[in-house]
Number of protein chains: 2
Amino acid sequence: MATIKDVAARAGVAPSTVSYVLTGSRRISDRTRDAVHAAIAELGYHPRASARSLRGARTDVLVLAVPRKPGRYRAVDGRFAIEISDAARAHGYDVLMMTEPDGVDGLRRIVRSKLADAAVLMAVRERDPRIETVLELGFPTALLGHGDEPGLPWVDLDWEAAVRFAVRRTVEAGHRHVVFLASADHEIDARRGYALHGLRGARDAARETGADVRVHPSTGAEERLGGLLRAALTARPAPTAMVVQHLVLLPRLLEEVAALGLRVPEDLAVVLVGSLPDDPVAEPLPRIELPVCRMSREVVRLAVESVGAASGAPVGPGHARQLIAPRMEPDRPVPPPPTRRPG
Amino acid sequence: MATIKDVAARAGVAPSTVSYVLTGSRRISDRTRDAVHAAIAELGYHPRASARSLRGARTDVLVLAVPRKPGRYRAVDGRFAIEISDAARAHGYDVLMMTEPDGVDGLRRIVRSKLADAAVLMAVRERDPRIETVLELGFPTALLGHGDEPGLPWVDLDWEAAVRFAVRRTVEAGHRHVVFLASADHEIDARRGYALHGLRGARDAARETGADVRVHPSTGAEERLGGLLRAALTARPAPTAMVVQHLVLLPRLLEEVAALGLRVPEDLAVVLVGSLPDDPVAEPLPRIELPVCRMSREVVRLAVESVGAASGAPVGPGHARQLIAPRMEPDRPVPPPPTRRPG
DNA sequence: CTGTTAGCGCTTTCAT
DNA sequence: ATGAAAGCGCTAACAG
């Protein structure tokens, strides 16, 4: 395997000159540069990453902290992982996955072995222990999702506004009795930002609209979903709409609704908050999608900018927090409630 | 940041001794080892990955080649990515994602910069250009999926047997007219191994069982799915069962079936091949699941073993090919066809 | 059982 | 506009 010395010898220049041609950190005459490029092409030379990062300060790698409860897989995580990897390449970075169950240990290991220049933390929770870790290590980091932490740049869908918006649109469509199906219990217990913000949005919307908005906790246990839905949907006065943030079991949920004899949307309008783009289950329903691509691009940008900022001025808190405004898919308005009292 | 020299100084030994303690490649007295460990703990020392891999031959990183058509996301890819990352850690490896649209360029770049010790290629196709690339570069590689290539270890669900099995079980349940919905056209055009093997399985099953098995190409275009299904399900004599390998649009597919006035399973038995574990859409149906965890573990094992084998004996072709036998989920037998001729 | 030392391949002063 | 040389942090001969 060719090294920089081989290239130098072949081009009749010094190794340092080859390096300068590669990094562009010094002006080189056209003649020399051409000779070097020719030698590089002839030898099929490619600089070795480990030598670069041993010498320099950078690895051009981002570490992606994927949340991982063993045996539990969330579709959204895989999707973000791949989109983030894509986005990172656009900045010249590769992405290393960190899926250790204890994210703190995993991050420590990778940071301290200098395998990456910055981290992206997925599915951030309030009082997330990974945040303490990167702050303590002084490691450049951007967050996907946000809790209440200071000092780190983040990007998130404005879940509070999203749920508020979904509820408001539902009320505007004429619904007076609305069920809000919150994120799964275990997500709330884990203090995931999006789950907590969604809850707040529902409560705010109830106050703002004056409508009857019943906030229902949800469950990750498939077998309990049926009972939960029956209780929610058969309560009196009967709800005519359901705003759903708990999307993991959506297909099952729709089955249960059908089993209760309710047609969607004639008897019950179902509005989704935070569905994944191109999800065929979500597609026919009115919804606010999770802007996966945009969030991935933004969080990578923030992480990459933190790399530079780490050795210089701290990141300004202003533009480093991206709360993305929710947007209803325009082709799916919330259908009106059934007209029970004709005339 | 502490280096091996700092540790050595603090422990009152030579740097090499610290190295030997760390790598275990030389016997060290208990006293010395304890002193070194104490110094390591006090300084919070962690070896730098770039220095290690510059010096040694290994990076302890696997590169994962994720197939990526820009704008198209397959849920199975994200799932495998995360499971593979998990499995790799069990062998002491980290996983670097490679999502470049041109997998060949991306692999070249990563291999030649020595960022990884071995590759895992996802969603292998027949005559996959990435295979030629890793062979030409002499890079240790394991494949997820298989085409017709020689010389590289792989693991795959036996899709041919899986479809054959699903069809046979369907026929055994009493069905005489069965529709097989193949993978999407574009997957077949891309010569993905699983799509082609599935097709062969369907044809074999038709021959073996003597039943009327109608192989239907499928489509990735959501808007054409309805027409396709109508044609397939309203043909005479009417099919009473459908074996589905095209799962991306499964929810949509079930909606279309319902729209045709067919109840599942009373009017039409639906059997899935290759569904993802814990998919709530698939769960109520008889199915053969894709063993994601097992495949991930196996492909990582093969990749890791190739690292050693690269500098030594070639990988024996025997145990290096893992064709996983299909298994029906035991709790979901194929329901019988409707009894149209009572008596 | 431990220390000394060369060098992996690169970048970047310092020197011309 | 280019070279020479030091050294990033580590491992593995070689030498006691």
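In what follows, every chain begins at residue 1, and chains take the letters A, B, ... in the order their sequences are listed.
Here B:His46 pairs with A:Arg109, A:Arg112, A:Ser113 under the side chain to side chain contact (heavy atoms under 4.5 Å, CB included) rule; sequence neighbours left out. Taking B:Arg108 as the reference, B:Glu136 meet the side-chain hydrogen bond (donor to acceptor under 3.5 Å, both in side chains) condition, with sequence neighbours excluded. Contacts of A:Ser85 classified as side-chain hydrogen bond (donor to acceptor under 3.5 Å, both in side chains), with partners at least two apart in sequence or in another chain: B:Thr99.
Taking only side-chain nitrogens and oxygens, B:Ser19 never comes nearer than 4.0 Å to OP1 or OP2 of D:dA12.
Protein atom CZ of B:Arg55 is 9 Å distant from nucleotide atom P of D:dT11, rounded to whole Å. Following rounding to the nearest Å, B:Arg52 (CZ) and D:dA12 (C1') show an atom-to-atom distance of 13 Å. Atom NZ of A:Lys114 is separated from atom P of D:dC10 by 11 Å (rounded to the nearest Å). Atom P of nucleotide D:dA6 and atom NZ of A:Lys5 are separated by 13 Å, given to the nearest angstrom.
Two residues, A:Ser25 and A:Met1, neighbour DNA chain C, and the one matched to the more 5' nucleotide by heavy-atom proximity is A:Met1. In this structure, B:Leu54 and B:Arg27 both approach DNA chain C, and ranking their closest nucleotides by distance from the 5' end singles out B:Arg27.
A:Thr23 comes within contact range of the sugar-phosphate backbone alone, with a heavy-atom separation under 4.0 Å but no base atom that close. Using a 4.0 Å heavy-atom criterion, one finds that A:Ser53 contacts no nucleic acid atom at all. Counting non-hydrogen atoms under 4.0 angstrom, A:Thr32 reaches the backbone sugars and phosphates but no base. Heavy atoms of B:Val18 sit nowhere under 4.0 angstrom from any nucleic acid atom. B:Leu22 comes within contact range of no nucleotide atom at all, as no heavy-atom separation falls under 4.0 Å.
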**OP:** Would you please test B:Arg74 and B:Glu187 for salt bridge (charged side-chain N to carboxylate O under 4.0 Å, His left out) and show each step?
**Re:** CA-CA 11 Å; B:Arg74 314 186 318 158; B:Glu187 299 280 283; 2.7 Å; yes
Subject >> Stepwise side-chain contact (heavy atoms from CB on, under 4.5 Å) test for B:Val63 and B:Val120 >> reply: CA-CA 6 Å; B:Val63 54; B:Val120 170; over 6 Å; no
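Protein chain B touches strand DNA chain C; the 5'-most and 3'-most nucleotides with an atom under 4.0 angstrom of its non-hydrogen atoms are C:dC1 to C:dG9.
A donor and an acceptor atom, one from each side chain of A:Tyr20 and A:Arg33, are nowhere located under 3.5 Å apart. Under 3.5 Å, the side chains of B:Ser29 and B:Thr32 contain a donor-acceptor pair of N or O atoms.
Between A:Val124 and A:Gly145, the shortest heavy-atom contact is CB-O, 3.8 Å.
Sorted by first and then second residue, the pairs that involve residues 4-21 of chain B and meet salt bridge (Lys or Arg N to Asp or Glu O under 4.0 Å), not counting sequence neighbours, are B:Arg10-B:Glu42.
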Protein-nucleotides 13-16 of chain D N/O pairs closer than 3.5 Å?
unit_1, atom_1, unit_2, atom_2, d
D:dA13, N7, B:Tyr20, OH, 3.4
D:dA13, N6, B:Tyr20, OH, 3.1
D:dC14, N4, B:Arg26, NH2, 3.0

